[in-house]
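Read the structure below first, then the notes.
Sequence lines set the chain letters: A, B, ... in the order given, protein chains first and strands last, and positions in each chain run from 1. Computed from a predicted model, the values in this text were never measured in an experiment.
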Amino acid sequence: MPTVENFEKDAFVNLSIDGLSVTVPKGATILEAAKATGVIIPTLCDYSGLKPRAVCRLCVVEVDGGGRLKAACATEATQGAQVVTNNRELMSIRRNVIELLLADHPKDCLLCTRNLDCELQTWAFRLGVRSLPFGEGEASLKSQLEDTNLSQNMSKCIKCGRCVAACQDVQETMALCAANRSIHYEISSPYGKTIAEGPCVFCGECLTACPVSALEEKDGALSLMPSLDKEDIKTAAIFSPQVIVGLEDALDYGAGGISSGKMVSALKNLGFDRVYPRDFFRSMAALLEAKELCENLSKEKKVACVSTCSPYVRAYAAKYYPEAIPFFSSSPNPMELFSMNGRKKGGIFFEEAETVSFMPCLAQGAEREEAVGIGSQHSYHLTVRDLVKLFKQKNFNIGSFGYSPFDCPRIFSKNGSMVKEEAMVSEEQLELARAICELKKVGESGRGYSRSVPGNGLLEVNLELSSGKSVSFHLVFGMGQAKTSLEEIVKGNLKADYLLIMACPQGCLEGGGQALKTIHNPHLTREVPNISNMITKSKLPLEKEVLGAYGEVYGQVMSLK
Amino acid sequence: MAKTLKLVSLGAGEIDPISVSEYRGIGGYRALEKAFSMRPKEIIGEVLEAKLLGRGGAAYPAGKKWAQLYDIHETPKYIVCNADEGEPGTFKDRLIMEKLPLRLIEGMTIAGLVFGSEHGYIYVRGEYRKIQKVLLRAIEAAKKENLLGKGIMGSSFSFDIEIVSGAGAYVCGENSALLNSTEGRVGRPRIKPPHLAEVGLFLMPTLVNNVESLASIPSIVVMGGKEYLSLGHPDSGGTKLVCLSGRVTSPGVYEVPLGKVSLRDLIFDEEFGGGIQGEGEFKFVHLGGQSGAIASKALLDTVYSYSDLRKVGLTVGSGALVVMDSGVSILEYLKKVSEFFVHESCGKCVPCRQGNRVLLKFLARLSRGSLASEGELLNLKRLISAMSRASFCGLGQTSATALKSAWKAFPAELERPAAFDKLQVGAFPLP
Ligand SMILES: Cc1cc2nc3c(=O)[nH]c(=O)nc-3n(C[C@H](O)[C@H](O)[C@H](O)COP(=O)(O)O)c2cc1C
Ligand code: SF4
Ligand code: SF4
Ligand code: SF4
Ligand code: FES
């Protein structure tokens, strides 16, 4: 994209959209040009960050008078073009497209999970579709995807192909394809295999791209409700900061509208007995991983440690890059630490509890279903969408809640008495833990890069330890880059000591379990990756407390493994 | 005086199809020899002047296509021959490949020479297994005579041709779907632009031409574009292979000069169709394939040329002429056409995938004798227009053409089907 800095005269084109003159960078589509003028062209198969496929035909426009209609999403804006987006014929065609889709679509909008938040419904309403001229048949689609954590109801599918493009072009996972032809055309997993047999990593990219409710995870909120209401079952929660961003968006509180303190109050109001600071577990996990990294660095391994946000990435590697598995970290992640300890009386909590972690992540929730990695039957990993549902059902006005402090894990509330355990952590281990924590923070908050640009998924950082040793870190965004890096490991070419793979191409901030509205929100303020922090050795969150608890917890964690 | 004029089909059935010497005996390879003495731009100039319109169905000027590809400088360039011949009622490419494969090979080699291309592909309809073998043997024969392969005719120009077999999808005849299929991808159409001349086979500049178009190149090179043009219609030079089928007395492939015969000639003249078989009377003719329009008696005197047909809403298309007699119900015929499109839609775009099914359901209901209300007919008209205007590719855009034209020609039969239920149901052979 040309910018003011590299401005060249022929880098821009001027055209007219419904009589409004607009100048856009060369290469922009008519749809983008229309957006720039504020003209709205209905779309269904177009989706931010995906290559256009132009299959829904909702966006057709007239260019330079008669002739062939053009799909605005896939047609380049050219100098001097006269575009009409909105005449009688086009309106009729658009209505037709929706009517044709509805001819095959269930009509139970009232009961649908995407009611009032569905692109098909929105356009049907806005385009004035008030009857169904083409019959009221219903697709009885039942796909291999159904009843996995990806889809609950494929008969809602409008075959826009956004999911396939997300999986094939953005993630390059190739777990989805469009199979068959004509009215049998459907979204499927390749070669008639089930989703579990294929390469799917449950990143949820496909799912967040779906304009309707065809792709949707199992309703975690529903399964949780009974536990929350029962007196005799104790429940404990943690949540990651990106959850708040999603809630602010989905519930229209605006940036900064929900603080951690209000979140704690809201969760308590939902019925949680305890809400613990996730940072505690994150720092603890970093410390454990740093220990592993330290040990492996001293063994001069080529790749000292591979860490990933998702158990499915590991499973994917085991399937397709088994030679890389020995490099994978065996330390538990923060959610695992939390749930492993939560289920045990006398653990880091006061009492036995069902643990619930809220994250903008689908994979963690899928794990519950499929028992990859550690089986955690008594713990829930719910998405931001689940939490939105819970809050909506309760009609909470979070803004009116007061601030509540986090509950404290038992161990660090003992404070002083534990500090002597600090000796268990070496200087090098602490430095590495801080770096890992910082790296994960960058991974979580995304990177502000545009996606689907090959080679754009890698961030490389070097850290000079106080001992003079130099350690290199690779932060990988998205499965496309992950594949490349895993391949390098297998070939013995990877030039990194520590590799962190984030399954989602934009990090947790736009993760597969995020509130739908948040994904691609152009107004999202991203934390600018401040990798230099790693060098300045910013402290671990709750460093004093975590170090204090480390000795005891470390012993426990290892005994649980 | 004979109305037929043989250029592409000259010698068909008279020579051994894989004998280079017999092909030379009827003037074969004179064009390639001449082409070696011409500059590429000159050859393109002749094709432009000949006003050769693409014979695959879309009637895009071949010279223009060649000139566009010539101006693109990336290499390698590929020459692809569309031999999918998927249009029902069309069997003329098969005649060339079966009886005169060397003429096609010569045409492709000239194209290779013009574009400095080293590789050509012939994408042949899967059902044409035997023909694929003929082509392979013809390629071998040409190689033996140094007319294909390394250093053709002692020059530094090398060109090779590979046969690719289709797998029975009509949409793979659409040129971008054809390239996807050739690459081993799913045969669904691509977004255009980029045009195939820029981003074609394996993302490289590519020429896609129909068998008959490529087999017409030798005549153009030998006689020159001017003469070729003069043989046909001022808007579209040369000859066209016409495929007559259905209820005519003498079905078959005939080569006619464009603009010199009428539809009536083609159907009734003893030299061609020889009139309607048996007792029946002529009812309609379906031109250009399933994607073409239907003509009733009223249009029989239309001259067979691209522009004359276009004036009355008809097309040359692939050259198919499916003739039906008065015993055939238009509704039942349209139902068959509609079934074809429901079966062949690739399914990715809404107007075609969903629209064709709705059309078929509607026709099925009409054929059961249900009366359509005003409102229904109006909705249907809107749908037909949306399908032809907004579908992703030519398949969807043309899948309601027959219905649209038949509606004009036989409104009563479509709108009040009950009055016509004595008509034979499905008793016609679809090729
Ligand atoms: C659905 C569809 C099917 C087609 N099938 C064929 C075919 O079987 N053979 C053919 O030559 N062209 C076919 N075409 C036309 C081709 O897309 C293309 O226009 C042609 O191969 C170009 O060659 P020409 O210019 O020499 O005709 C088809 C087009 C569409 C849209
Ligand atoms: S969850 Fe991710 S890997 Fe699985 S099908 Fe969806 S996009 Fe592909
Ligand atoms: S599952 Fe959703 S995203 Fe995928 S094709 Fe169907 S409607 Fe589109
Ligand atoms: S019109 Fe659409 S559905 Fe039909 S064949 Fe073309 S791309 Fe496929
Ligand atoms: S949004 Fe352009 S065709 Fe679907």
Given 3.5 Å as the limit, does a donor-acceptor pair link the side chain of [X] with the main chain of [Y], or not?
X: A:E62; Y: A:L69; result: no
X: A:R181; Y: B:S345; result: no
X: B:D84; Y: B:V124; result: no

Under a 4.5 Å cutoff for heavy-atom pairs, which residue among [options] has the most contacts with chain B?
options: A:C160, A:C45, A:C56; result: A:C56
options: A:C177, A:A74, A:S92; result: A:S92
options: A:E76, A:E89, A:K70; result: A:E89

Given heavy-atom pairs under 4.5 angstrom as the criterion, report whether the side chain, backbone, both or neither of [X] touches chain A.
X: B:I191; value: side chain
X: B:R190; value: neither
X: B:E376; value: neither
X: B:V358; value: side chain
X: B:R382; value: both

Next on the checklist: Please classify the contact of A:R94 with chain B as side chain, backbone, both or neither, using a heavy-atom distance under 4.5 Å.
Outcome noted: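 Neither part; nothing is under 4.5 Å.
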
Next on the checklist: Report which part of A:I158 has an atom under 4.5 Å of a heavy atom belonging to chain B: side chain, backbone, both, or neither.
Outcome noted: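 Only the backbone of A:I158 comes within 4.5 Å of chain B.
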
Next on the checklist: Quick check: B:H343 with B:Y170 (ring centres under 6.0 Å apart)?
Outcome noted: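 Judged by ring-centre distance (under 6.0 Å), B:Y170 and B:H343 do not meet the cut-off.
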
Checklist entry - What residue in B:G355, B:S391, B:G347 has the most heavy-atom pairs under 4.5 Å with chain A? => result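 Heavy-atom pairs under 4.5 Å are most numerous for B:G347.
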
Checklist entry - Among B:S385, B:P351, B:C352, which has the most heavy-atom pairs under 4.5 Å with chain A? => result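 If we count pairs closer than 4.5 Å to chain A, B:P351 comes out on top.
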
Checklist entry - Mind checking which of residues 195-209 of chain B sit less than 4.5 Å from chain A, heavy atom to heavy atom? => result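 Residues of residues 195-209 of chain B touching chain A at under 4.5 Å: none.
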
Next on the checklist: Quick one, A:K35 with A:E32, criterion salt bridge (Lys or Arg N to Asp or Glu O under 4.0 Å). Give me CA distance, side-chain angles, the key distance, then yes/no.
Outcome noted: CA-CA 5 Å; A:K35 266 187 201 144; A:E32 285 162 341; over 6 Å; no

